[in-house]
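Just so it is clear: chains get the letters A, B, ... in the order the sequence lines come, proteins before strands, and each one is counted from 1.
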Amino acid sequence: MTIKEFEELVLEKLKIVVDQIITENLELPISAKSRAGAEISDWLEEKFVEYTIDNDFFEGSEGAPKGSTKNPWDARTEFVLDGHKEEIWIDFKAFKITSADSNPDIGTPNKIIKLINEGNFYHAFIHVFYEATDNGLKFVKLNDSYSKLYFLKDISSTFRRNPKNQLQVNISAPSEYRTREEFIKLLMDKIKESHQRQIEISNKALKKQDEITEELLKANKKSEDDLTKKIQ
Amino acid sequence: MTIKEFEELVLEKLKIVVDQIITENLELPISAKSRAGAEISDWLEEKFVEYTIDNDFFEGSEGAPKGSTKNPWDARTEFVLDGHKEEIWIDFKAFKITSADSNPDIGTPNKIIKLINEGNFYHAFIHVFYEATDNGLKFVKLNDSYSKLYFLKDISSTFRRNPKNQLQVNISAPSEYRTREEFIKLLMDKIKESHQRQIEISNKALKKQDEITEELLKANKKSEDDLTKKIQ
Amino acid sequence: MTIKEFEELVLEKLKIVVDQIITENLELPISAKSRAGAEISDWLEEKFVEYTIDNDFFEGSEGAPKGSTKNPWDARTEFVLDGHKEEIWIDFKAFKITSADSNPDIGTPNKIIKLINEGNFYHAFIHVFYEATDNGLKFVKLNDSYSKLYFLKDISSTFRRNPKNQLQVNISAPSEYRTREEFIKLLMDKIKESHQRQIEISNKALKKQDEITEELLKANKKSEDDLTKKIQ
DNA sequence: GTACGGCCACATTTAAATGGGTTCGGA
DNA sequence: CTCCGAACCCATTTAAATGTGGCCGTA
Ligand SMILES: [Mg+2]
Ligand SMILES: [Mg+2]
Ligand SMILES: [Mg+2]
């Protein structure tokens, strides 16, 4: 089996689990007037462990510690094949499909660097889709499927690092196969480009400082005088 | 009345409204296994409008458009005194008090610059506190109060601009009175300092690039070879 | 040397560089889809820096930071003559010559105002032309040339500001010499005219509003009456 | 001659926690 | 004097949307 075939196999087996979880639990009592990503992830994490307890391909599944807000994975598991165990990290992404578009943060580059340096590589995104209902939310299909999965290594080359130190990509950007080495080089390029842009941005902001300060002081003088008179 | 007395009056009247809202609705059916800020804010926004319809001091209250994710205020209203109307922006902050600590983002500096340039100034933070319950969440007191309010202009001088282009401050940082002009200068200083730090950070990151790339390629060579052999 | 002769010299030297870049790289592995313009520009930016490293007339050439989508220039350089250095901004425009026509946005007027206020003036457009091929695209000649260059200051007076706050001109509009002062006046006129057109548009829309309201109320009166009767 | 539409890569903005590094005082 | 703990000052990280401006083309 080639590496590529191995990767496809992992995603195939993962998708089966996720689709089953969703199909058997189409509605959740989670209020979703705003974005419900964290609550949905919390629920999925628990279910993922439950649904892989007895799975031939996955071993040692764990959800992120309850209440943790900075864990590098939502769930982790080991894919078992011919006695080999390959560490898999999972990041759930829950999209409210009534929104116009979405470009979620997809994690800090730092954790990816650590993951690879520790001898691992596989970080899977699992997209799920929902709509608010009267008493919570329901999962819905997008493009005929309850879930969409790909590995970070095969992410669309339109991904970038943003100023929050998060990688980011559009919800619809199609994944594209590349080798692990190609991904490493691409990732490092993207990080470099982003830092270069940031230096530009900060330099520009610094140049504008004095002008903005003047303007604010002037606007305030006027409005504060006004208020002072009115409340005498 | 001095400006300072005016400001204290606004906050006093605001606090009465908020405390009443909470006291009359101590429990909410909003799941809060993770952080429920957005859902709580959504609910408070609606209640704030409802509870100020018949208030002598507040006029024209509005909640943020439903589902909006980038609105500069959670609610806005006008404080009316002797015929003068003063624009007030409200940003709710909902803290899960079982957490160890909190340093919330408190908004982009850009919107503050716009607010002041448009002749306004008053941007109030309203802290509320909650705990998860079996079927949702309940509001709780912190330091004997259901809410804590202060204006951005009087924020603790420990606030900063972070790389997400958000101002930020610790939940417990005590507010300190200053003049409007003093605030403008302080704000602009903080923005400057932050951009200077960012340039440093990005420069350092750029220097490390090549080293990290080498390291990653090396780690990958090892782990990829390993995997290739195992799955043959 | 007159200002006019100076300007002609700059463009002449620029054209030599660009034509050389293209002649030596007639085909590019860039697929000619909607983003082709941006990608061709990326490539040209890099080449421009490379091809002016050892040029007697250009110094300090830079491409826009990679991935930056809002940079005011695609490339910048300094034209050196008798020790004087003149800042030159470059905006590449890549046209697919199989298309019927093109009226590209040519930049926001805001950046031109800034450029001039900072003591500079020269903003060159460099038109290049391409066709799709099986494995990417190839540069082609239009009117016997691989490139067409002119300064914004000499742009056809058919240029305008469009409602997106971008200047715009037809691909084929011939440039016409004018003085820097004449350009400033013309630019400001164009901006004014554009805003006036927009006011017209809004005024018309507002007028229509009332008309539409009438119409709707009338239509509804009829259908509501109708329904009321039917369900009595 | 002008508006406008689609595309799309990026920053920005919104929700609030943890955690790292430095500094300072006390044992 | 030195280690340790607490405090403090920040970045970082997590949840996913919208908005801007440049890209050219068509109408
Ligand atoms: Mg996730
Ligand atoms: Mg808020
Ligand atoms: Mg261009």
Checking contacts here: which listed nucleotide (D/dA3, D/dT12, E/dA11) is nearest the side-chain heavy atoms of C/Arg197? D/dA3
With a 4.0 Å cut-off on heavy atoms, is C/Gly107 in touch with a base, just the backbone sugar-phosphate, or nothing at all? nothing
note: A/Lys66, atom NZ; E/dT14, atom C1'; distance rounded to Å ~ 15 Å
Roughly how many Å is it from CG in A/Asn110 to C1' in E/dT14, rounded to a whole number? 14 Å
Taking for B/Trp73 and for A/Phe159 the nucleotide of DNA chain D with the nearest heavy atom, the one nearer the 5' end belongs to A/Phe159
Interatomic distance, A/Glu39 CD vs D/dA15 P [rounded to whole Å]: 17 Å
Nearest-nucleotide check on DNA chain E, C/Thr108 vs B/Gln198; residue mapping nearer the 5' end is B/Gln198
Take atom NZ of B/Lys204 and atom C1' of E/dT12, then tell me their distance rounded to the nearest Å. 15 Å
N/O to N/O distances under 3.5 Å, protein versus nucleotides 17-21 of chain D:
{"unit_1": "D/dA17", "atom_1": "OP1", "unit_2": "B/Lys96", "atom_2": "N", "d": "2.9"}
{"unit_1": "D/dA17", "atom_1": "OP2", "unit_2": "B/Ser102", "atom_2": "OG", "d": "2.8"}
{"unit_1": "D/dA17", "atom_1": "O5'", "unit_2": "B/Ser99", "atom_2": "OG", "d": "3.4"}
{"unit_1": "D/dA17", "atom_1": "O4'", "unit_2": "B/Arg35", "atom_2": "NH1", "d": "3.4"}
{"unit_1": "D/dA17", "atom_1": "N7", "unit_2": "B/Asn103", "atom_2": "N", "d": "3.3"}
{"unit_1": "D/dA17", "atom_1": "N6", "unit_2": "B/Asn103", "atom_2": "O", "d": "3.0"}
{"unit_1": "D/dA17", "atom_1": "N6", "unit_2": "B/Gln168", "atom_2": "NE2", "d": "3.0"}
{"unit_1": "D/dT18", "atom_1": "OP1", "unit_2": "B/Ala100", "atom_2": "N", "d": "3.4"}
{"unit_1": "D/dT18", "atom_1": "OP2", "unit_2": "B/Ala100", "atom_2": "N", "d": "3.3"}
{"unit_1": "D/dT18", "atom_1": "OP2", "unit_2": "B/Asp101", "atom_2": "N", "d": "2.9"}
{"unit_1": "D/dT18", "atom_1": "OP2", "unit_2": "B/Asp101", "atom_2": "O", "d": "3.0"}
{"unit_1": "D/dT18", "atom_1": "O2", "unit_2": "A/Lys70", "atom_2": "NZ", "d": "2.5"}
{"unit_1": "D/dT18", "atom_1": "O4", "unit_2": "B/Asn103", "atom_2": "ND2", "d": "2.8"}

Out of D/dT13, D/dA16, D/dG6, whichever nucleotide has its closest atom nearest the side chain of C/Lys164: D/dG6
Partner nucleotide of D/dG5 by Watson-Crick or wobble geometry (both distances under 3.5 Å): E/dC24
Nearest listed nucleotide, side chain of A/Lys93, among E/dT14, E/dA16, D/dG1: E/dA16
Whole-angstrom distance between D/dT12 and E/dT12, as gauged at atom P: 16 Å
Can you tell me how far C1' of E/dC23 sits from CZ of C/Phe129, to the nearest Å? 16 Å
For a quick test of reading the model: is some side-chain N or O of A/Lys111 closer than 4.0 Å to OP1 or OP2 of E/dT14? yes
Does atom NZ of C/Lys33 have more than 12 heavy-atom neighbours, drawn from other residues, nucleotides or ligands, at distances under 6.0 Å? no
Heavy atoms from other residues, nucleotides or ligands near NZ of A/Lys47 exceed 12 (cutoff 6.0 Å): yes
For C/Asp74, which contact category applies under a 4.0 Å heavy-atom criterion: base, sugar-phosphate, or nothing? sugar-phosphate
Within 6.0 angstrom of C/Lys66 NZ, more than 12 heavy atoms from elsewhere: yes
C/Phe125 and its side-chain contact (heavy atoms from CB on, under 4.5 Å) partner, picked from C/Asp91, C/Asp74, C/Val169: C/Asp91
Taking atom types as modelled, is there a side-chain donor on B/Arg76 or B/Asn71 under 3.5 Å from an acceptor on the other? no
First of B/Arg161 and B/Asp91 reached from the 5' end of DNA chain D, by closest nucleotide: B/Arg161
Using whole Å, what does the distance between atom C1' of nucleotide D/dA3 and atom CD of C/Glu200 come to? 15 Å
Counting only side-chain N and O atoms of B/Gln166, is one of them less than 4.0 Å from OP1 or OP2 of D/dT14? yes
How long is the line joining CG of B/Asn165 and C1' of E/dT13, in whole Å? 17 Å
Looking at every heavy atom in both B/Ala36 and B/Tyr130, which two are closest together, and how far apart are they? N-OH, 2.9 Å
Compare all side-chain heavy atoms of A/Asn170 with those of A/Thr158 and state whether any distance is below 4.5 angstrom. no
Here's a test for you: under ring-ring contact (aromatic ring centres under 6.0 Å, His included), which of A/Tyr146, A/Phe139, A/Phe95 qualifies with A/His127? A/Phe95
Per B/Ala38 side chain, nearest of listed nucleotides D/dA11, E/dC9, D/dA15: D/dA15
Separation of C/Asn170 atom CG from E/dC24 atom C1', in whole Å? 12 Å
Applying the Watson-Crick and G-U wobble criteria at under 3.5 Å, what pairs with D/dA15? Answer none if nothing qualifies. none
